[in-house]
Amino acid sequence: MKQFEVNFDGLVGPTHNYAGLSYGNVASLKNASAASSPKQAAKQGLQKMKALADLGMQQGVLAPQERPDVFALRRLGFSGSDGEVLAQAAKQAPAIFQACCSASSMWTANAATVSPSGDTADRKVHFTPANLTNKFHRSLEPQVTGRILQAVFANPEHFAHHQHLPDNEHFGDEGAANHTRLCSAYGKQGVELFVYGREAFNSDKPQPKKFPARQTLEACQAVARLHQLDDAKVVYALQNPDVIDQGVFHNDVIAVGNQNVLFYHEQAFHNTTEVLAEIKGKFGEDELHFICVDSQDVSVQDAISSYLFNTQILTLPDGSMAIIAPTECEENPAVAAYLRKLVTLNTPIKEVKFFDVKQSMRNGGGPACLRLRVALTEQEYQAVNPHTLMSDQLFKTLNTWVDKHYRDSLLVDDLRDPALLNESRAALDELTQILKLGSVYPFQRV
Ligand code: SUG
């Protein structure tokens, strides 16, 4: 049976802005209050999706969320008409207001953890939306994310959806950004590698001193239980707390895997030797490539600023692998030199393609942050909502939709404009019709 990985990229929402909301994410803090371009951001994302579809990859689209989140602001005590809620919140609590305007759902690597049917006891594809408890602006996402995922993967014969984990730091869960699956073929049982930053119920264990560890071991274990994974095929690895303190806020900023390749920085994990031995032992006899990047070749700082590891490793239709990298990797001399060398080594990675996703990069989101990977069999693929799958027609329709609804430029001060709320809702209402999602947004359900 045919089997492949489908990348579901997040469409950038109409309120894409730089508010400096993510302590521990260097780019987000550095670009706080810079002007953003929602239109350019959405188009950069669409270009990447279309280019991957043109390479022969299966590519899907996930809808963004409704922002400003007036419903969250009302929950926090702001009242009156929608316009009054925005005005009061912007004046009385500007930081909270900005958090309720973030377009952060665009980074769909944080939307959910997905386990393909080859790994699960009931042979369904399992989804658990990430609760994203560590950042208030992101903690607003899981409910609507769950609805969007159910509208895309609706068939209960193939897809199982779980509620996000309890909204508490003890179960802090950032989804697929801290989850990698290694396998010899997408449809075969693989090893699911969960990377966590701390143990919530055991403070004696190592944890970062400066920046927060967003993902806990207990959250990883809960997701593995929900997804009915076999313990013999799961590895839990502690992220190196020192790199979290240098700005590696998710594991996908320092390591990435695809099929039988794990590409990682030598400082990515705590106890690397043990972690790799466990992966190898659980993977079995098939060929497995560990590609380690030394600090001498690429420093942790260069890895963070270029996002060398926030790349997508794709298996192309001819079976070879390509790296989809942000243009920042091309601009960084050490990283560019490393990539030139990498494609000559004896690994499946033979090619690097650079993409401009600068609008997203300025908030700490590279190519890999922008996509949720879903490995599917042909039969499961046929059960996906077809209106969410990239095609020449959908690419054209979505570009026209962006041109119609998105602003060229946005400053944090513009977020209080009630017209922006109306523009966003009009855009999203139309989008749910294009993608045939039904009523997933709170404003559509009142
Ligand atoms: O959660 N940035 C996101 C970036 C997420 C990147 N995702 C992965 N690594 N998979 C975050 O820190 C910044 C928003 C702002 O500052 O306006 C933000 O939310």
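Order of listing sets the numbers, starting from 1, for every ligand and every atom in it.
- Between W107 and ligand 1, a contact under 3.5 Å exists for no N or O pair.
- Heavy-atom proximity to S28, at under 4.0 Å, picks out these atoms of ligand 1: 13 (C), 15 (C), 16 (O).
- Residue contacts with ligand 1, taken as heavy atom pairs separated by less than 4.0 Å, involve N17 solely via the backbone atoms N, CA, C and O.
- When only interatomic distances are considered, the shortest N/O to N/O separation between Y307 and ligand 1 does not fall below 3.5 Å.
- Between V85 and F71, the closest side-chain pair of non-hydrogen atoms is not below 4.5 Å.
- Contacts with ligand 1 closer than 4.0 Å are made by side-chain heavy atoms of R214 only, the backbone lying farther away.
- For ligand 1, the polar-atom distance check finds no N/O of A109 at less than 3.5 Å from any of the ligand's N/O atoms.
- Less than 4.0 angstrom separates some heavy atom of A177 from each of these atoms of ligand 1: 10 (N).
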Test salt bridge (Lys or Arg N to Asp or Glu O under 4.0 Å) applied to E423 and R425, step by step: CA-CA 6 Å; E423 285 164 33; R425 285 182 173 170; over 6 Å; no
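- For ligand 1, the polar-atom distance check against N363 finds a nitrogen or oxygen pair separated by under 3.5 Å.
- The closest side-chain heavy-atom distance from F8 to V374 is below 4.5 Å.
- Checked against salt bridge (Lys or Arg N to Asp or Glu O under 4.0 Å), K30 has no partners two or more places apart in sequence or in another chain.
- Taking any N or O of S104, backbone or side chain, none lies under 3.5 Å from an N or O belonging to ligand 1.
- The protein atom (non-hydrogen) at minimum distance from atom 10 (N) of ligand 1 is D252 OD2, 2.7 Å.
- In this structure, the side chains of V248 and F211 stay at 4.5 Å or more apart for every pair of heavy atoms.
- Interface atoms of ligand 1 facing G364, defined by a heavy-atom separation under 4.0 Å, are 4 (C), 6 (C).
- When heavy-atom distances to ligand 1 are checked against a 4.0 Å cut-off, N25 comes that close only through its side chain, counted from C-beta outward.
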Stepwise salt bridge (Lys or Arg N to Asp or Glu O under 4.0 Å) test for D297 and K341: CA-CA 11 Å; D297 285 338; K341 184 174 81 181; 3.2 Å; yes
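- In this structure, a donor-acceptor pair under 3.5 Å is absent between the side chains of Q58 and N7.
- Relative to the six-membered ring of Y406, K39 misses at least one condition, a distance below 6.0 Å or an angle of at most 45° to the axis.
- Comparing heavy-atom distances from atom 17 (O) of ligand 1 across A19, G24, A27 singles out A19 as nearest.
- In this structure, atom 11 (C) of ligand 1 lies nearest to the protein heavy atom S22 OG, 3.4 Å.
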Full working for side-chain hydrogen bond (donor to acceptor under 3.5 Å, both in side chains) between S104 and E141: CA-CA 8 Å; S104 54; E141 297 172 29; 2.6 Å; yes
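- Using a 4.0 Å cut-off to heavy atoms of C369, the atoms of ligand 1 that qualify are 6 (C), 7 (N), 8 (C), 9 (N), 10 (N).
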Verdict with supporting geometry, Q259 and T315, side-chain hydrogen bond (donor to acceptor under 3.5 Å, both in side chains): CA-CA 8 Å; Q259 289 188 325; T315 302; 2.8 Å; yes
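- Below 4.0 Å from some heavy atom of H250 lie the following atoms of ligand 1, by number and element: 7 (N), 8 (C), 9 (N), 10 (N).
- Summarising the contacts of atom 19 (O) of ligand 1 with Q98, H137, R138, K30, the nearest heavy atom is found in H137.
- When only modelled atom types and interatomic distance are considered, H227 and T128 share a side-chain donor-acceptor pair under 3.5 Å.
- Electrostatic pairing of K233 and E192 does not count as a salt bridge here, judged by no charged N lying under 4.0 Å from a carboxylate O.
- Which parts of ligand 1 touch G20 is read off a 4.0 Å heavy-atom cut-off, strictly below it: atoms 15 (C), 16 (O), 17 (O).
- At least one N or O atom of L21 sits closer than 3.5 Å to an N or O atom of ligand 1.
- Residue-to-ligand polar distances keep S102 apart from ligand 1: every N/O pair is separated by 3.5 Å or more.
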